[in-house]
Amino acid sequence: MTFDVEKYKTFYECDEHWELKRSFMEAHKERFPEEEVVCLAQVFTNIELLGCRYPPETMRLVAELSKELVTKYRESRTTKLKRTFVAASDAAAARYAPKK
């Protein structure tokens, strides 16, 4: 089944995130019904970009379907700046720690 994946780009998605989701849909739009591909693509980007977790069966399916895509995406990210999350209490303690 063929459908136009471009209609699923939302106005708030940055190009990099959209490309990841679009490539997932393009790779699987012949294997699953449209609604399922769109849902799986959103789950995939939620896992990869936001760190979301889903039931084990869903995680396994998405991991299998995204194996090649995620490898390419992660390789492209190796030279990018990475975010580090720090607890607010640790940040405050570091800010007011005496200088050596």
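Computed from a predicted model, the values in this text were never measured in an experiment.
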Given the rule in the side chain to side chain contact (heavy atoms under 4.5 Å, CB included) test, do Leu40 and His28 qualify, once you have shown the distances and angles that lead to the verdict?
-> CA-CA 10 Å; Leu40 287 168; His28 301 294; over 6 Å; no
Looking only at heavy atoms, the pair that brings Met25 and Ala41 closest together is CG-CB, 3.5 Å
Flag side-chain contact, heavy atom, 4.5 Å: Arg31 against Val37 | no
Using 4.0 Å as the upper bound for N to carboxylate O, is an ion pair formed by Lys9 and Glu6?
-> no
Around atom NZ of Lys7, are there more than 12 heavy atoms of other residues, nucleotides or ligands at under 6.0 Å?
-> yes
Identify the two heavy atoms, one from His17 and one from Thr45, that lie closest to each other, and give their separation to 0.1 Å.
-> O-CG2, 4.4 Å
Is any NZ, NE, NH1 or NH2 atom of the basic residue among Glu26 and Lys21 found under 4.0 Å from an Asp or Glu carboxylate oxygen of the other?
-> no
Determine the interplanar angle of the Phe44 and Phe24 rings, folded into 0 to 90°, and report it as parallel if under 30°, tilted if 30 to 60°, perpendicular if over 60°.
-> parallel
Could you verify whether a donor N or O on one side chain and an acceptor N or O on the other, from Thr10 and Glu13, lie under 3.5 Å apart?
-> yes
Carefully, step by step, assess Trp18 and Tyr12 under the rule side chain to side chain contact (heavy atoms under 4.5 Å, CB included).
-> CA-CA 10 Å; Trp18 167 243; Tyr12 54 82; over 6 Å; no
Heavy-atom side-chain proximity of Arg60 to Pro56 below 4.5 angstrom | yes
Is a side-chain N or O of Ser66 found less than 3.5 angstrom from the main chain of Val62, in a donor-acceptor match?
-> yes
Is there side-chain contact between Lys29 and Glu34, with at least one heavy-atom pair below 4.5 Å?
-> no
